[in-house]
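Here is the structure we will look at.
Just so you know, these numbers use all the heavy atoms, side chains as well, and skip hydrogens, waters and symmetry mates.
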Amino acid sequence: MRFINLKPSRTTQLMLAVLPFALLVIAYGVGSVVRLAENPSDKLLPAFASLVDAINRMAFTADVRSGEYLFWADTLASLGRLGMALGIATAIALVFGMLVGMFPYIRALLAPFLAAISMVPPLALLPILFIALGLGETSKVTLIVIGIAPIMVRDLVLRVLDLPREQLIKAQTLGGSSWQIGIRVVLPQILPRLIDGLRLQLGSAWLFLIAAEAISADSGLGYRIFLVRRYLSMDVIFPYVAWITLLAVVANVALDLLRRRVFPWTELGKAT
Amino acid sequence: MRFINLKPSRTTQLMLAVLPFALLVIAYGVGSVVRLAENPSDKLLPAFASLVDAINRMAFTADVRSGEYLFWADTLASLGRLGMALGIATAIALVFGMLVGMFPYIRALLAPFLAAISMVPPLALLPILFIALGLGETSKVTLIVIGIAPIMVRDLVLRVLDLPREQLIKAQTLGGSSWQIGIRVVLPQILPRLIDGLRLQLGSAWLFLIAAEAISADSGLGYRIFLVRRYLSMDVIFPYVAWITLLAVVANVALDLLRRRVFPWTELGKAT
Amino acid sequence: MIRVENVWKEYGEQVVLERISLDIADRAFVALVGPSGCGKTTFLKLLLGEEQPSEGRITLDGQPLAPEPTPERGVVFQRYSVFPHLSVLDNVLIGRDFSGSPFRGRLGRVSRRAAADEARALIAEVGLSGNEDKYPAQLSGGMQQRLALAQALIMRPRVLLLDEPFGALDPGIRADIHVLMKRLWNETDLTVVMVTHDMREAFTLATRVIAFERPRNAPADRVRYGASLSSDIAVWPPRVAGLTDPDSTPYTFASPGGDDPAQATGPRRDDPAPPLAGAKP
Amino acid sequence: MIRVENVWKEYGEQVVLERISLDIADRAFVALVGPSGCGKTTFLKLLLGEEQPSEGRITLDGQPLAPEPTPERGVVFQRYSVFPHLSVLDNVLIGRDFSGSPFRGRLGRVSRRAAADEARALIAEVGLSGNEDKYPAQLSGGMQQRLALAQALIMRPRVLLLDEPFGALDPGIRADIHVLMKRLWNETDLTVVMVTHDMREAFTLATRVIAFERPRNAPADRVRYGASLSSDIAVWPPRVAGLTDPDSTPYTFASPGGDDPAQATGPRRDDPAPPLAGAKP
Amino acid sequence: AAEKKDFKVAWSIYVGWMPWGWASDNGIVKKWADKYGIAIEVTQFNDYVESMNQYTAGAYDAVTLTNMDGLSIPAAGGVDTTAVIVGDFSAGNDAVILKDKTSLADIKGQKVNLVEYSVSDYLLSRALESVGLTERDVSIVNTSDPDMVGAFQTADVTAMVTWNPMVSEIAALPNAHKVFDSAQIPGEIIDLMVANTEVLKDNPSFGKALVGIWYDTMAVMTSDTAEGAAARAAMGAASGTDQAGFESQLAATKLFPTAAEAVAFTTSPELKGTMDKVRNFLFVKGLLGSGAASPDFIGIELPDGSILGDSANVKLRFTAEYMKAAADGAL
Ligand SMILES: Nc1ncnc2c1ncn2[C@@H]1O[C@H](COP(=O)(O)OP(=O)(O)OP(=O)(O)O)[C@@H](O)[C@H]1O
Ligand SMILES: Nc1ncnc2c1ncn2[C@@H]1O[C@H](COP(=O)(O)OP(=O)(O)OP(=O)(O)O)[C@@H](O)[C@H]1O
Ligand SMILES: [Mg+2]
Ligand SMILES: [Mg+2]
């Protein structure tokens with residue numbers, strides 16, 4: 001039988017899915033043992049025990065200085081920033097995506113500009129951002145928004161343009177004004193895509209968050225990673241990176257679920 | 001007439017497109033004048049003359065140290081890295097995209113892993129990367145590849161899965177083996193999408209390039225930006241950022257043209 | 001009455017339609033036939049106001065057509081005529097929502113209940129009772145087209161434009177919907193213009209069948225010459241809305257009506273179906 | 001001969017087909033009809049090897065069917081049967097490319113020229129001469145389906161499976177392609193199984209018309225009961241491949257053949273077309 | 001480590017280390033490597049932290065860093081490290097800068113932007129000590145060094161500790177007041193070239209080559225000749241400024257132009273006191289490693305052979321051996 005037609009059973013599927021992760025862990029373990037045999041205080045690939053130690057220290061022992069559980073305080077700080085930035089970026093994407101997608105005049109005005117600014121490397125403009133917005137939360141949130149919103153807007157514009165022209169015509173024959181068509185025909189149909197667009201940008205959003213926290217912060221997952229990087233404390237960095245990855249993957253899945261729940265008709269469309 | 005039905009003429013369209021760029025330049029000019037009036041040695045928003053000066057110095061005057069024209073040397077160095085990284089990422093995306101998309105077994109093996117690693121923030125793992133690969137070009141190129149390839153692979157997998165099942169069945173009734181179907185049916189149809197995927201990742205690729213050059217390099221656009229950032233030399237940073245943006249926009253357009261040229265049938269499909 | 005006066009339509013270089021002149025009487029049911037790509041859809045777009053004629057003009061009761069779609073002209077396309085994100089009931093109600101609520105685009109509770117009753121009646125009319133809460137994707141193709149009809153009819157349009165509305169349905173379902181269509185046309189104050197590929201459908205439903213054709217169809221001429229009216233056939237015995245029994249059986253056709261600007265020629269391809277075998281050219 | 005023995009097909013909980021037993025003689029032309037969603041496509045997938053029966057078995061000349069598609073069974077779908085990225089000629093040649101070049105999947109220059117001659121002949125056969133270098137998107141729907149036929153025929157399949165191949169075409173074009181189809185069937189050593197929604201098409205082309213139906217179609221029963229064979233009608237006068245004049249006219253039909261396991265009942269919906277008006281139940 | 005021929009040296013962009021790049025560009029590195037029959041690859045880093053990490057992880061044989069970071073990063077990371085060259089100490093290159101306020105005591109209660117755990121942190125703690133405050137009297141915001149200049153111009157930044165070239169950029173801004181700098185704690189922030197002790201022990205010629213390169217370069221760059229000016233201009237360009245800018249940074253750096261001066265500084269008794277202050281600071285910050293129960297956890301060997309801390313766990317060694325050889329012309 002052709003390999004293309006071979007389908008693994010449920011169990012095989014599960015085992016296969018776990019395999020690469022298992023291999024990664026094993027490779028790490030071996031690498032760690034080898035390096036530690038050479039230099040027992042090597043910090044690059046700490047032993048699993050050291051990782052557990054570090055997790056214990058960061059997550060389940062109160063910090064002597066602040067009395068906080070640093071891991072959780074960092075997580076809260078980062079998620080707060082991320083959540084706010086994603087919310088703002090989503091709102092911007094929605095408004096501009098619809099305006100640019102629906103109205104030829106606004107499209108002519110903004111589409112080329114959007115294409116250009118989505119290519120500006122935001123990290124290079126940080127000084128401007130700081131001076132305009134200060135070093136506080138605002139500038140961190142803004143960096144993330146600037147980093148992801150233009151791409152989300154462009155994605156949504158394409159989505160609006162993908163709506164069958166027939167639908168917009170039909171809506172007009174039903175007496176819909178531009179505004180009404182926007183909120184009753186276009187908006188509900190692009191919302192699911194907005195969620196998908198957000199999912200696609202999660203990785204970038206984390207990236208910008210970490211970059212922002214590396215530049216100036218006193219808490220946050222990215223702050224901690226860059227702080228302890230100074231001492232090559234990979235025993236802290238690895239759990240933090242794994243945790244960030246986990247959070248991102250969970251957010252990804254959660255957003256997908258949200259879309260299915262809130263917009264059941266998107267799934268019906270696929271079934272046919 | 002509804003705003004949704006109003007279409008600007010060719011000329012209006014052009015004027016509208018230029019408008020936001022013009023506004024940006026004017027806003028900059030005003031801001032610069034205001035700040036310089038307050039403090040003549042302000043470096044944040046240099047006067048246009050200073051920008052021209054800086055461009056002259058960087059692009060048309062040989063460097064005292066190396067005798068090179070820094071701007072062009074930086075551009076060459078960055079584009080070289082970028083080009084190599086994009087090439088490698090594209091090749092990886094192609095191979096893995098096809099394998100994961102076509103074969104259920106490989107999909108079961110790699111899809112969850114890909115979903116996870118595409119969420120790992122590569123910047124946090126820089127020390128590992130540099131130690132594993134050294135600080136030469138390899139590690140810079142690798143950082144970009146790690147940053148963009150997983151997303152490109154996932155995009156391509158979706159594209160393969162979007163191919164009508166009928167086509168794969170038909171190919172089998174024509175006697176195609178998995179391999180033959182791969183190279184004659186799947187590959188040519190996803191290549192255009194691969195180009196589009198590459199375009200979407202251009203922004204991220206620049207970001208990672210700049211991040212990599214910020215750590216260790218002795219030339220490159222990102223290197224220069226980070227070097228002069230310590231002096232807040234915005235007179236150099238602005239032209240560099242504008243140049244990076246221009247290069248990215250040009251690459252974007254060029255890739256789109258390439259797709260239309262090489263795969264004329266993709267445009268036919270849209271016309272119908 | 002719709003009057004089309006010497007209308008041309010060009011897209012850039014390409015001439016799609018040329019010299020179209022035509023009067024469509026009130027409550028007529030016009031079937032538009034012609035080979036693929038000859039500009040039938042383009043003509044419908046002109047009537048709809050989605051496109052403007054390059055030359056000539058179109059009037060409705062002496063007034064120039066609004067240059068964009070309006071509620072007086074309803075439309076049903078072959079596909080994408082209903083909104084996938086709305087339930088059947090909401091799909092029919094959306095017209096009322098638009099006219100009743102300029103800002104929210106959705107009626108308030110009380111007025112919506114009243115409108116919903118009307119919508120339910122229309123849904124029943126097109127035979128979709130019991131499906132009010134389903135989404136279009138849960139309906140068959142035929143049911144979706146019925147829904148599109150109900151959706152258009154709630155606006156009480158003067159003119160109903162149909163672009164191959166039943167082209168994707170199977171024959172059994174199509175026969176059912178033909179009966180429905182005839183009834184609606186009889187009972188509603190409606191002028192219908194329908195594009196179809198199916199000669200039988202054209203002659204089953206219409207009071208008048210109009211054929212478009214490109215006189216010069218050689219590849220070299222395709223750009224420079226557009227399609228024009230090639231025949232205009234009044235169905236005989238004449239059907240009159242609200243008067244004749246819509247299911248009166250064997251159809252045949254008379255010689256072209258007086259307002260036929262072109263010499264009548266038969267349909268381009270003979271349909272193999274027996275009813276047309278005896279068609280006079 | 002294809003023998004289908006007591007085949008059931010279930011998707012998870014849902015029974016789609018039940019108790020299907022059927023023999024299809026060599027060079028038969030079987031039309032498969034039935035209401036939408038009754039499992040016609042599913043049955044074709046079983047014959048194709050794309051899906052496996054949940055119970056029962058299917059043999060071809062006594063051998064179990066290969067559990068995946070093979071060149072001995074060609075197929076044409078309603079859509080997506082041709083490759084959009086290949087020219088007409090390449091679309092037809094790709095079968096030869098596959099069999100002649102395991103690694104590159106493309107014949108070398110010399111052998112390709114020979115194969116191209118054969119392909120051109122087939123392209124002419126289906127009436128597409130002169131379009132060799134076009135892409136499918138540049139062809140009309142009817143031309144695309146002709147291309148799909150040529151593409152399948154170059155492999156000289158024993159069995160040709162067609163899933164509503166002409167459903168999306170207009171009647172004139174459909175009539176042309178029917179003539180083509182009959183000729184191909186007559187001239188080639190081919191057993192054809194065709195799914196169609198169009199009764200007229202079924203009786204125009206087939207030697208035998210088989211109807212599927214769900215005996216219990218109440219919503220509550222939809223999951224637990226699948227469709228089964230409800231009638232099996234041999235077309236009369238019998239058509240025999242290569243013998244009868246393919247265009248012999250008026251069709252009528254005889255009582256069910258001897259291998260009919262179910263009591264024959266008429267098609268679920270009466271087709272409104274006159275030829276079927278006198279169908280015996 | 002066994003005897004080897006190829007060595008890798010990392011340096012990062014900072015006024016006291018720019019000579020490495022210039023030496024590499026101008027063939028001095030190659031000259032000395034050839035002399036000892038070895039090869040030395042000199043790599044420039046933009047990111048100081050990354051250069052130390054790479055050294056600690058074993059990717060480099062030698063690296064430029066400060067005395068404090070040498071103790072807290074490679075030494076605490078278990079890499080036995082020897083300071084081959086004591087190049088200079090900071091005499092004004094690091095500074096505490098306040099906005100609008102002119103006296104150090106005004107820092108009380110403010111947010112201070114600095115690179116946490118760096119020499120800036122140490123300078124701050126010494127500054128606070130000098131006016132009877134502690135770190136509890138301020139709050140610290142970690143801020144990355146290239147962004148200091150931009151950050152200082154934002155409204156919510158009122159106090160900053162950083163180093164050159166940022167210090168001179170910031171000091172030039174209106175409202176900026178330098179209230180404390182490293183000239184007030186002379187000799188405590190020392191810039192070193194360190195090498196892996198084992199590598200050095202097995203390959204003494206590597207250490208000699210490093211010293212040779214360094215003092216050859218010093219001779220040129222500190223000279224008042226056209227050649228010296230050209231060298232300073234090139235180093236200025238490489239660090240993103242010009243000759244004048246570079247020379248102003250040099251002015252805040254107590255560079256040891258000859259090996260003899262460096263030997264004198266290294267062998268002076270003050271070094272022991274400095275390292276004691278530094279290790280206590282690091283211990284309080286928890287930077288001597290999670291296993292450190294007291295500041296004595298890591299042993300520091302001084303040029304006279306005396307050991308500060310645990311003599312069984314010596315990880316940082318100061319030696320005048322190589323510089324002395326240079327001073328004696330015995331290379
Ligand atoms: N927006 C457009 N720009 C350029 N050419 C167009 C446009 N719309 C239609 N055409 C051209 O106009 C001609 C007529 O198209 P139209 O869709 O009206 O044909 P049709 O009679 O509806 O065909 P079919 O039966 O296939 O639906 C075609 O040649 C088409 O290529
Ligand atoms: N992969 C599948 N998984 C689950 N159910 C399926 C699957 N494929 C088909 N079905 C179900 O099987 C039934 C028969 O589907 P099938 O496509 O065979 O019908 P059909 O007779 O070809 O209909 P149509 O005339 O609309 O093409 C339907 O109820 C469908 O929902
Ligand atoms: Mg049309
Ligand atoms: Mg089907």
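We find that B:Arg230 and E:Glu169 are not joined by a salt bridge, their nearest charged nitrogen and carboxylate oxygen being 4.0 Å or further apart.
The aromatic ring centroids of B:Phe71 and B:Tyr240 lie less than 6.0 Å from each other.
Residue B:Phe96 places its CZ atom among 12 or fewer non-hydrogen atoms of other residues, nucleotides or ligands, all under 6.0 Å distant.
Heavy atoms of B:Glu213 lying under 4.5 Å from chain E belong exclusively to its backbone. The parts of E:Met166 that come within reach of chain B are both its backbone and its side chain, each placing non-hydrogen atoms under 4.5 angstrom from that chain. Residue contact with chain B, scored on non-hydrogen atoms closer than 4.5 Å, is absent for E:Gln243. Contacts of E:Thr241 with chain B are made by both backbone and side-chain atoms, with heavy-atom separations under 4.5 Å. Neither the backbone nor the side chain of E:Thr162 comes within less than 4.5 Å of any heavy atom in chain B. The contact between E:Tyr60 and chain B is made entirely by side chain atoms (from C-beta outward), counting heavy-atom distances below 4.5 Å.
Counting heavy-atom pairs under 4.5 Å between each of E:Lys8, E:Glu50, E:Met235, E:Met148 and chain B puts E:Glu50 at the top. Each of B:Asp42, B:Leu227, B:Val236, B:Leu44 has some count of heavy-atom pairs under 4.5 Å with chain E, and the biggest count is that of B:Leu227. For the options E:Ala10, E:Gly21, E:Ala57, E:Pro165, heavy-atom pairs under 4.5 Å to chain B are most numerous at E:Pro165.
Judged by distance alone, with hydrogens and angles left aside, the side-chain atoms of E:Asp94 form no donor-acceptor pair with the main-chain N or O of E:Ser182 at under 3.5 Å.
The aromatic rings of B:Phe48 and B:Tyr28 are tilted relative to each other, their planes meeting at an angle between 30° and 60°.
Judged purely by distance below 3.5 Å, without hydrogens or angles, the side chains of B:Trp243 and B:Thr75 pair a donor atom with an acceptor atom.
The side-chain tip of E:Lys99 points at the ring of E:Phe152 from less than 6.0 angstrom away and within 45° of straight on.
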